[in-house]
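One structure is given below, encoded as structure tokens.
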Protein chains: 2
Amino acid sequence: MADDSLRLDEFLCFAIHSTAHAINRATKPMLDQMGLTYPQYLVMVVLWGKDDQTVGGIGEKLFLESSTLTPLLKRLEAAGYVQRSRDPSDERQVRVRLTDKGRELHCRAGCIPDWFREAFDGDMDEARELKSRIVQLRERVLRHPE
Amino acid sequence: MADDSLRLDEFLCFAIHSTAHAINRATKPMLDQMGLTYPQYLVMVVLWGKDDQTVGGIGEKLFLESSTLTPLLKRLEAAGYVQRSRDPSDERQVRVRLTDKGRELHCRAGCIPDWFREAFDGDMDEARELKSRIVQLRERVLRHPE
DNA sequence: CTGCACTGAATCGCACGCGACATAATGGTC
DNA sequence: GACCATTATGTCGCGTGCGATTCAGTGCAG
């Protein structure tokens, strides 16, 4: 009984973990060609959606801390995809902007969703359904601390 | 159109990533009390299910490489939860065994599934359903390289 | 029995990811 | 104007996670 429930719970947790890693590994060759890691890709997606955001704003969307984002953004800047600068009106904030090179990457990023659609055999309804269930779980977990 | 599909795909991928991290963060306080990280907990679960396994065997179940497991297992050994030793019949393999302290931890680990059931409001059918869909996705991703 | 391909672990370098802490700027309050 | 809590970012240490490589042991071919 205690054994049974232990198994069930961790299998869902573990299923999520291992699937996240599987996606990470599977997309790596494509992202390598763009010179991005998966977390860097996510940051670029956020910026493609809306340019000129603060570190905190990006972190809020991606559930990441500044301690994670700062080094990551420095690598994106070193790669020439973004440009970081202090907001003159509030020197505490750092605004992150896409460079031309970063914007150009947007077009080349289409292969990721293409790949994903293939892996899903085009069943986008299933994908949407699954996404909403997972997001629901995430919200429950976030709301249920300790 | 391309924009739309870009958004959908990464939202499922991202939903999985962020949920995995959320679970990680939420279970941390409980795991801290046991002196385990989440990946270490997963290794213990594997060993609680079947003691005396090789590094490769554990890695196969958890989709992890030896480069990840070796340091992790050394930390578990340093913590006194497992014991590692070369298999005398095949000196290439390292067998990992639970110590008494490691077995004892099994009883204390019940709080993790308890917490999870709470977070899920006891709807274990939903959990099972979701798990099977995610595992299906994982298998598709693993089978669909490039 | 001597190579030689193969296998299983371990090592190395790099990139997350976070908690704890440090730092700097802001916006009050007195 | 000086103090002080708050906010935004950055730094540090530790633990994953992986690809590339190394190394020791195995086992097969000749």
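Labels below follow one simple rule: chain letters A, B, ... track the order of the sequence lines, proteins then strands, and each chain is numbered from 1. Both backbone and side-chain heavy atoms feed into the values below; hydrogens, waters and symmetry mates do not.
- At whole-Å resolution of the value, CG in B:D87 and C1' in D:dT26 are 12 Å apart.
- Rounded to whole angstrom, the span from the CD atom of A:E65 across to the P atom of D:dA8 amounts to 13 Å.
- Atom OH of B:Y38 is separated from atom P of D:dG15 by 19 Å (rounded to the nearest Å).
- In this model, the phosphate group of C:dC16 is approached by a side-chain N or O of A:Q40 to a distance below 4.0 Å at OP1 or OP2.
- If A:P39 and B:R95 are placed on DNA chain C by their nearest nucleotide, the residue sitting closer to the 5' end is B:R95.
- Under 4.0 angstrom from either OP1 or OP2 of D:dG15 there lies no side-chain N or O belonging to B:K28.
- A side-chain N or O of B:S18 and one of A:R138 form a donor-acceptor pair less than 3.5 Å apart.
- Ring centroids of A:H17 and B:F63 are separated by 6.0 Å or more, keeping the two rings apart.
- A:T68 comes within 4.0 angstrom of a base, heavy atoms only.
- A:R86 comes within 4.0 angstrom of sugar-phosphate atoms only, judged by non-hydrogen atoms across all strands, and of no base.
- Contact check on B:E77 versus B:R84 returns a salt bridge, with a Lys/Arg side-chain nitrogen under 4.0 Å from an Asp/Glu carboxylate oxygen.
- One atom, CZ of A:R25, and another, P of D:dG19, lie 7 Å apart when rounded to the nearest Å.
- At whole-Å resolution of the value, NE2 in A:H17 and P in C:dG17 are 12 Å apart.
- Here D:dG15 presents its P atom at 17 Å from CG of B:L64, a figure rounded to the nearest Å.
- For the pair B:L73 CG and D:dG17 P, the interatomic distance rounds to 12 Å; values are reported in whole Å.
- Among C:dC18, D:dG25, D:dG19, the nucleotide with an atom closest to any side-chain atom of B:R92 is D:dG25.
- Among the heavy atoms of the strands lying under 4.0 Å from A:D90 are primed sugar atoms or P, OP1, OP2 only; no base atom is included.
- Counting only heavy atoms from C-beta outward, the side chains of A:L98 and A:M44 approach each other to under 4.5 Å.
- Toward the 5' end of DNA chain D, the nearer of the two residues A:H21 and A:T54, judged by each one's closest nucleotide, is A:T54.
- Distance, B:I58 CD1 to C:dG8 P: 14 Å, rounded to whole Å.
- In this structure, B:S66 reaches the bases: a heavy-atom distance under 4.0 Å links it to at least one base atom across the strands shown.
- When heavy atoms are screened at a 4.0 angstrom cut-off, A:L69 is found touching no nucleic acid atom at all.
- For D:dT11, one of the phosphate oxygens OP1 or OP2 lies less than 4.0 angstrom from a side-chain nitrogen or oxygen of A:K74.
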**Request:** Check the pair A:D87 / A:R92 against salt bridge (charged side-chain N to carboxylate O under 4.0 Å, His left out), numbers first and verdict last.
**Result:** CA-CA 7 Å; A:D87 186 333; A:R92 288 172 304 181; over 6 Å; no

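- Between A:R75 and A:T37, the side chains place no donor N or O within less than 3.5 Å of an acceptor N or O (distance only, hydrogens not considered).
- Residue contacts for B:R84: at a heavy-atom cut-off of 4.0 Å it reaches the sugar-phosphate backbone alone, with no base atom in range.
- A donor-acceptor contact under 3.5 Å links the side chain of A:S67 to the base of C:dG19.
- A donor-acceptor contact under 3.5 Å is not formed by the side chain of B:T70 with the base of C:dA9.
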